[in-house]
Asker: 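Let me give you the structure first, and then I'll get to my questions.
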Amino acid sequence: MLGLKKLFPDKMDLNKLIFRIGEVSKMLNVSTRQLRYWEKKGYIESIRDEKGSSRVFNMENFTRVSLIKYYLDKGFTLVRANEITQTNMSNMAYLRRFVMYAFQDIEMIENQPAINLGYFDDEKTSILYGFIDKNDEVKYRVIKNKEEDR
């Protein structure tokens, strides 16, 4: 059986998802005027083709707009909303990178799906598994590597 990790590309590039400025405006309830202003200030960045056509945004900038709007709605200034967004974007990039490298596969252990998070020790004798129980609580177990028994 082909492992699930091998079905995923090495990098899932969500930035291939493109949104027109009007779509971003409607989806996030931010005026196109605000979006142009935020771009002028350097908080977000649009993509334009060689003809200089209308602004479009990739997923990263869509997320930036969403976060900035969220913090503005919470009462932060635009400058502070952007600072917090920058920190969150860095943290999300690290989390995505961690998950891409840590995730190995989903396996059945004792008739329950388990996320294989890779080797738990440097000697590669044990694997760390993550489970979600019936109460939606995350649990972990370290299980001796099956291939070690061979």
Side-chain angles (χ1 to χ4, degrees), residues 1-109 112-122 124 126-143 145:
M1 180 172 145
L2 184 62
L4 192 58
K5 183 170 185 140
K6 292 180 177 153
L7 296 176
F8 289 118
D10 287 336
K11 294 185 179 186
M12 293 180 170
D13 190 1
L14 296 178
N15 281 325
K16 290 182 181 176
L17 296 174
I18 302 296
F19 307 93
R20 292 187 191 108
I21 190 169
E23 294 171 324
V24 173
S25 174
K26 286 177 187 169
M27 286 188 283
L28 299 176
N29 197 27
V30 176
S31 73
T32 56
R33 186 171 176 251
Q34 281 179 299
L35 293 171
R36 288 184 191 99
Y37 178 73
W38 295 353
E39 182 179 17
K40 183 179 174 185
K41 298 292 277 180
Y43 300 151
I44 61 174
E45 185 178 323
S46 68
I47 303 165
R48 295 184 184 222
D49 62 19
E50 56 279 347
K51 297 176 189 173
S53 64
S54 64
R55 290 170 170 86
V56 294
F57 297 94
N58 61 16
M59 189 63 177
E60 178 181 339
N61 280 281
F62 179 86
T63 303
R64 283 181 194 281
V65 171
S66 179
L67 288 171
I68 290 170
K69 170 81 164 77
Y70 172 81
Y71 291 115
L72 287 174
D73 289 348
K74 292 288 184 188
F76 291 93
T77 66
L78 179 57
V79 170
R80 185 67 182 131
N82 182 60
E83 290 170 354
I84 298 168
T85 294
Q86 287 290 97
T87 300
N88 286 338
M89 294 297 291
S90 294
N91 290 342
M92 284 189 283
Y94 182 79
L95 176 60
R96 245 188 323 278
R97 190 169 142 239
F98 177 85
V99 170
M100 287 298 295
Y101 287 104
F103 172 79
Q104 301 301 309
D105 206 348
I106 297 177
E107 302 172 19
M108 293 301 288
I109 296 182
Q112 181 181 5
I115 304 213
N116 178 333
L117 295 170
Y119 292 109
F120 185 72
D121 56 349
D122 291 337
K124 298 184 178 180
S126 301
I127 297 174
L128 176 63
Y129 288 93
F131 301 83
I132 298 177
D133 69 13
K134 294 174 187 169
N135 299 319
D136 288 338
E137 291 184 32
V138 176
K139 306 287 183 179
Y140 298 96
R141 279 181 52 199
V142 176
I143 298 175
N145 186 359

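This one's a predicted model, so the numbers in the text were calculated from it and none came from an experiment. Residue numbers run from 1 in the order of the sequence given. Values below: every heavy atom of this structure, side chains too, minus hydrogens, waters and symmetry copies.
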Asker: Could you work out, with side chain to side chain contact (heavy atoms under 4.5 Å, CB included) as the rule, every residue matching S31, not counting sequence neighbours?
Answerer: R33, Q34

Asker: From the options Q104, E107, R141, select the one residue that forms a side-chain hydrogen bond (donor to acceptor under 3.5 Å, both in side chains) with Y129.
Answerer: E107

Asker: With sequence neighbours excluded, what pairs up with D136 under the side chain to side chain contact (heavy atoms under 4.5 Å, CB included) test?
Answerer: I132

Asker: Donor-acceptor pair, S25 side chain versus V30 backbone, under 3.5 Å?
Answerer: yes

Asker: With sequence neighbours excluded, tell me which residues meet side chain to side chain contact (heavy atoms under 4.5 Å, CB included) with D122.
Answerer: none

Asker: Report the residues that fulfil side chain to side chain donor-acceptor pair (under 3.5 Å) with R97, sequence neighbours left out, ordered by chain and then residue number.
Answerer: none

Asker: Any ring-ring contact (aromatic ring centres under 6.0 Å, His included) pairs touching residues 21-44, not counting sequence neighbours?
Answerer: none

Asker: What pairs with S66 under side chain to side chain donor-acceptor pair (under 3.5 Å), at least two apart in sequence or on another chain?
Answerer: none

Asker: Report yes if the side chains of D133 and F131 come closer than 4.5 Å at any heavy-atom pair, otherwise no.
Answerer: no

Asker: Partners of T85 by side chain to side chain contact (heavy atoms under 4.5 Å, CB included), sequence neighbours excluded?
Answerer: R64, L67, I68, Y71, M89

Asker: Is there a side chain to side chain contact (heavy atoms under 4.5 Å, CB included) between V56 and I21 once you walk through the steps?
Answerer: CA-CA 5 Å; V56 294; I21 190 169; over 6 Å; no

Asker: Restricting to side chain to side chain donor-acceptor pair (under 3.5 Å), what partner residues turn up for T63, sequence neighbours left out?
Answerer: none

Asker: Just jot down the ring-ring contact (aromatic ring centres under 6.0 Å, His included) partners of F19, sequence neighbours excluded, or say none.
Answerer: F62

Asker: Closest approach of Y140 and G130, non-hydrogen atoms and distance?
Answerer: CD2-CA, 4.0 Å

Asker: Enumerate donor-acceptor pairs with a distance under 3.5 Å from any side-chain N or O in residues 77-84 to protein atoms, sequence neighbours excluded.
Answerer:
{"residue": "T77", "atom": "OG1", "partner": "R80", "partner atom": "N", "Å": "3.1"}
{"residue": "R80", "atom": "NH1", "partner": "E83", "partner atom": "OE1", "Å": "3.1"}

Asker: Under the rule for salt bridge (Lys or Arg N to Asp or Glu O under 4.0 Å), what residues qualify as partners of K139, not counting sequence neighbours?
Answerer: E137

Asker: R55 versus T32: any side-chain heavy-atom pair under 4.5 Å?
Answerer: no

Asker: Quick one, N145 and I127 - any side-chain contact, counting heavy atoms below 4.5 Å?
Answerer: yes

Asker: Can any side-chain N or O of N61 pair as donor or acceptor with the backbone N or O of E45 at less than 3.5 Å?
Answerer: yes

Asker: Which residues pass the side chain to side chain donor-acceptor pair (under 3.5 Å) test with D73, sequence neighbours left out?
Answerer: K69

